[in-house]
Protein chains: 2
Amino acid sequence: MGPTMHDVARVAGVSVKTVSNVVNEYQHVKAGTRSRVLAAIDELGYRPNLTARGLRSGRTGVIRLAVPDIRQNYFAELADEIIRAADRRGLGVLVQQTGGDRERELEILAGRSLQMTDGLLFSPERLGQEDRDLLDVPFPLVLLGERIFGGPTDHVTMHNISSASAAVQHLVEVGRRRIAVLGAHPDGRETLRSSDLRVRGYRQALDAAGIPYDPDLVRVTAPWHRENGAHAMRLLLRAGVEFDAVFALNDTLALGALRALGEAGVAVPEDVAVIGFDNIDEAHFAVPSLSSVDPGRAKIAGIAVDLLVERIEEKGERRPPRRIKPDFGIVRRESTGFPQPRDVRLDDSSGTALS
Amino acid sequence: MGPTMHDVARVAGVSVKTVSNVVNEYQHVKAGTRSRVLAAIDELGYRPNLTARGLRSGRTGVIRLAVPDIRQNYFAELADEIIRAADRRGLGVLVQQTGGDRERELEILAGRSLQMTDGLLFSPERLGQEDRDLLDVPFPLVLLGERIFGGPTDHVTMHNISSASAAVQHLVEVGRRRIAVLGAHPDGRETLRSSDLRVRGYRQALDAAGIPYDPDLVRVTAPWHRENGAHAMRLLLRAGVEFDAVFALNDTLALGALRALGEAGVAVPEDVAVIGFDNIDEAHFAVPSLSSVDPGRAKIAGIAVDLLVERIEEKGERRPPRRIKPDFGIVRRESTGFPQPRDVRLDDSSGTALS
DNA sequence: GACTCGGTTTACAACGTTGTATATTCTCGT
DNA sequence: ACGAGAATATACAACGTTGTAAACCGAGTC
């Protein structure tokens with residue numbers, strides 16, 4: 001254990017509180033005293049004990065981020081943005097993984113595990129609308145993603161329907177009419193999962209373009225891993241259904257699909273155009289480079305941290321929960337016939353929505 | 001702020017210490033007392049305050065992991081393994097990023113930032129052998145990676161030379177003799193960086209196979225990003241140097257190289273065989289799938305956490321620093337002519353049409 | 001020279017927990 | 001019945017920090 005304020009106080013010949021005042025840059029400390037204390041701090045190599053400070057203040061300066069799996073590109077990139085945003089505000093980020101396990105997600109909410117943190121950013125993968133009441137937890141919580149709506153917490157999500165619709169519209173604009181979907185969810189009923197929302201956007205775009213809906217083109221694929229994208233693509237090719245474009249509900253599926261198309265000798269984008277969702281870094285470097293929906297990840301991270309900090313600093317009255325969706329954009333790349341990557345910003349609802 | 005032990009004690013009609021004893025599963029508590037306390041805990045929804053516990057015990061149950069950039073596959077996968085290993089031991093992981101910035105790396109070591117942690121796992125990217133003395137820090141530290149050797153701390157690294165040599169030997173075994181290297185470092189002198197070590201392994205393998213060394217085949221490429229891999233590959237193709245294989249010093253470079261080879265219409269592995277290093281998840285799903293060196297990441301993570309825990313629990317005398325290198329393996333995939341077994345794990349219903 | 005009033009410094013308690021030492025109760029053998 | 005010794009429960013202090021209130025100091029005022 002390093003030296004404490006008491007050690008510094010003894011060396012400098014002052015009281016502990018004076019040391020504390022110097023450390024906390026309190027105004028009314030005489031210059032001479034200050035420099036004596038600073039010298040002692042330097043001499044002893046004193047560092048404030050944040051645990052003790054945390055006990056006094058009730059704050060730790062650390063927030064938790066709980067995601068399904070940090071290896072998934074989307075979450076790695078999200079974590080990166082969140083760590084940066086938190087760092088700018090002087091906060092550390094403790095990362096936890098649920099591995100897409102419902103029990104683990106419940107544990108996270110129960111605060112059963114580590115709670116030496118000021119708040120939680122939570123991106124659930126198995127909890128659903130029916131678990132909404134579990135979100136009423138006794139600590140600051142901001143929800144990420146689209147599995148639960150209308151809960152008692154702040155919620156940062158994306159324009160799933162309209163951005164999916166814009167993606168499909170982009171395929172229509174490059175002349176496609178038989179557009180397959182990869183990544184639908186087995187459950188027939190339309191729910192509030194992102195897969196269902198994105199499929200809804202797909203149907204809206206078809207309607208708007210006057211293209212009939214063909215259920216054979218909507219392929220069930222879960223979970224959204226690369227191999228599943230490839231597998232679903234192979235099945236679709238084998239099924240003999242005619243199609244000239246693919247809308248993959250995330251980039252990872254799309255990259256798997258690119259692989260399967262490559263294996264089968266199908267040219268992209270000549271024979272089949274492909275667009276993904278998430279705009280992960282890798283989309284830029286795939287062969288061919290992958291067009292995608294950019295959901296505004298950096299903004300999502302910044303807003304999420306801001307909301308959480310707001311909640312942490314909230315005194316008495318709790319303001320009502322907010323739901324925020326950043327702007328999205330369609331990134332046109334080779335897989336839909338745009339050789340030079342060009343980022344185009346679209347927005348169906350001018351500015352950050354607040355609901 | 002939630003209820004404290006004092007609240008529980010009052011409700012249960014016992015002393016705080018008895019509550020503490022129940023919470024800590026101390027042996028000698030009468031069954032009746034225990035159940036009364038547990039009932040009170042339940043009624044109030046009491047949760048122990050880990051900050052206070054940390055102050056008493058001097059332990060926080062949290063370790064820091066500092067890596068250059070969590071978005072890089074290697075580090076995401078390393079972080080994943082470390083979070084799992086730490087979780088198994090009841091530890092949380094606070095993730096920090098240095099962004100490959102020397103100043104940030106120095107700050108990390110200075111403990112200037114957050115030190116409400118029990119120890120640090122540190123993977124530097126800019127510090128080098130000359131900074132060895134800076135590693136003598138007043139908190140438990142385990143070093144990851146190969147930028148600094150012989151420092152005063154425990155160090156988990158890999159068999160860079162022999163595994164690189166094995167990779168090249170694998171290329172020789174599949175009949176290649178003109179083997180290019182992607183990812184060498186500009187600095188001429190051989191140092192202890194992983195790039196230099198891996199190039200040394202390359203030369204050893206050439207010597208062993210009786211293949212002459214051709215400096216034109218060793219391409220300087222830094223940093224190790226996908227686009228640089230593609231760029232270096234394009235330059236090599238344009239340079240008119242003859243080659244029938246590529247050893248990329250990491251998988252990310254190799255994936256970039258695959259892209260450039262694809263663009264140029266060069267067949268992999270028929271015209272050029274490619275092997276990478278790190279065996280990131282993505283190598284498995286590239287087109288074609290990428291052969292690679294598996295450095296034993298899971299073991300690295302487990303050992304690193306174990307060493308750190310050992311240091312944290314160390315009482316008086318400090319044992320001398322250890323250096324540990326897990327076993328490595330060569331993973332043979334399509335890019336060196338080994339067709340990939342289709343091991344697909346999926347949902348029952350995956351890949352089918354929605355209707 | 002007593003008095004006021006800021007600036008400066010201090011002692012003390014408190015944050016919530018657990019180790020130590022001590023007190024109380026129980027169990028058992030004689 | 002009566003200790004001996006174990007089992008059970010308690011009071012108090014301490015971890016390192018900071019808020020509170022009070023004390024101290026020096027200079028200006030009457």
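Letters A, B, ... mirror the listed sequences (proteins, then strands); counts begin at 1.
Smallest separation of non-hydrogen atoms from A:Thr60 and B:Met116: O-CE, 3.3 Å.
In this structure B:Pro3 satisfies the side chain to side chain contact (heavy atoms under 4.5 Å, CB included) test together with B:Asp7, B:Leu44, B:Tyr46, sequence neighbours excluded. Judged as a side chain to side chain contact (heavy atoms under 4.5 Å, CB included), and not counting sequence neighbours, the contacts of A:Thr153 are A:Leu135, A:Leu141, A:Leu143. Remark: B:Ile83 engages A:Val95, A:Gln97, B:Val93 in a side chain to side chain contact (heavy atoms under 4.5 Å, CB included) (not counting sequence neighbours). B:Arg59 pairs by the salt bridge (charged side-chain N to carboxylate O under 4.0 Å, His left out) definition with nothing, not counting sequence neighbours. Not counting sequence neighbours, the partners of A:Arg104 by the side chain to side chain donor-acceptor pair (under 3.5 Å) test are B:Asp87. Not a single side chain to side chain contact (heavy atoms under 4.5 Å, CB included) links B:Asp327 to another residue, sequence neighbours left out.
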If you restrict it to nitrogen or oxygen atoms, what contacts under 3.5 Å exist between nucleotides 15-20 of chain D and the protein, and what is each distance?
unit_1 : atom_1 : unit_2  : atom_2 : d
D:dT17 : OP1    : A:Tyr46 : OH     : 2.4
D:dT17 : OP1    : A:Asn49 : N      : 2.9
D:dT17 : OP2    : A:Met5  : N      : 2.7
D:dT18 : OP1    : A:Asn24 : OD1    : 3.3
D:dT18 : OP1    : A:Asn24 : ND2    : 3.3
D:dT18 : OP1    : A:Arg53 : NE     : 2.9
D:dT18 : OP1    : A:Arg53 : NH2    : 3.4
D:dT18 : OP2    : A:Ser20 : OG     : 2.8
D:dT18 : OP2    : A:Asn24 : ND2    : 3.3
D:dT18 : O2     : A:Arg56 : NH1    : 2.7
D:dG19 : O4'    : A:Arg56 : NH2    : 3.4
D:dG19 : N7     : A:Lys17 : NZ     : 2.9

Please list each protein N or O that sits under 3.5 Å from an N or O in nucleotides 5-8 of chain D, with the distance.
unit_1 : atom_1 : unit_2  : atom_2 : d
D:dT8  : OP2    : B:His28 : ND1    : 3.3

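The terminal axes of the helix from C:dG1-D:dC30 to C:dT30-D:dA1, fitted over 5 pairs per end, subtend an angle of 60° to the nearest 10°.
The list of salt bridge (charged side-chain N to carboxylate O under 4.0 Å, His left out) pairs with a residue in residues 75-85 of chain B, not counting sequence neighbours, reads A:Arg71-B:Asp80, B:Glu77-B:Arg297, B:Asp80-B:Arg84. Among pairs with a residue in residues 24-42 of chain B, those fulfilling side chain to side chain donor-acceptor pair (under 3.5 Å) read B:Ser20-B:Asn24, at least two apart in sequence or across chains.
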Please table the atom pairs, donor to acceptor, closer than 3.5 Å between any side-chain atom in residues 126-133 of chain A and protein atoms at least two apart or in another chain.
unit_1   : atom_1 : unit_2   : atom_2 : d
A:Arg126 : NE     : A:Gly100 : O      : 3.3
A:Gln129 : OE1    : A:Phe149 : N      : 2.9
A:Gln129 : NE2    : A:Phe149 : O      : 2.8
A:Asp131 : OD1    : A:Arg102 : NH2    : 2.5
A:Asp131 : OD2    : A:Arg102 : NH2    : 2.8
A:Asp131 : OD2    : A:Gly128 : N      : 2.9

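Between A:Ser15 and C:dT9 there is no side-chain polar atom (N or O) within less than 4.0 angstrom of OP1 or OP2.
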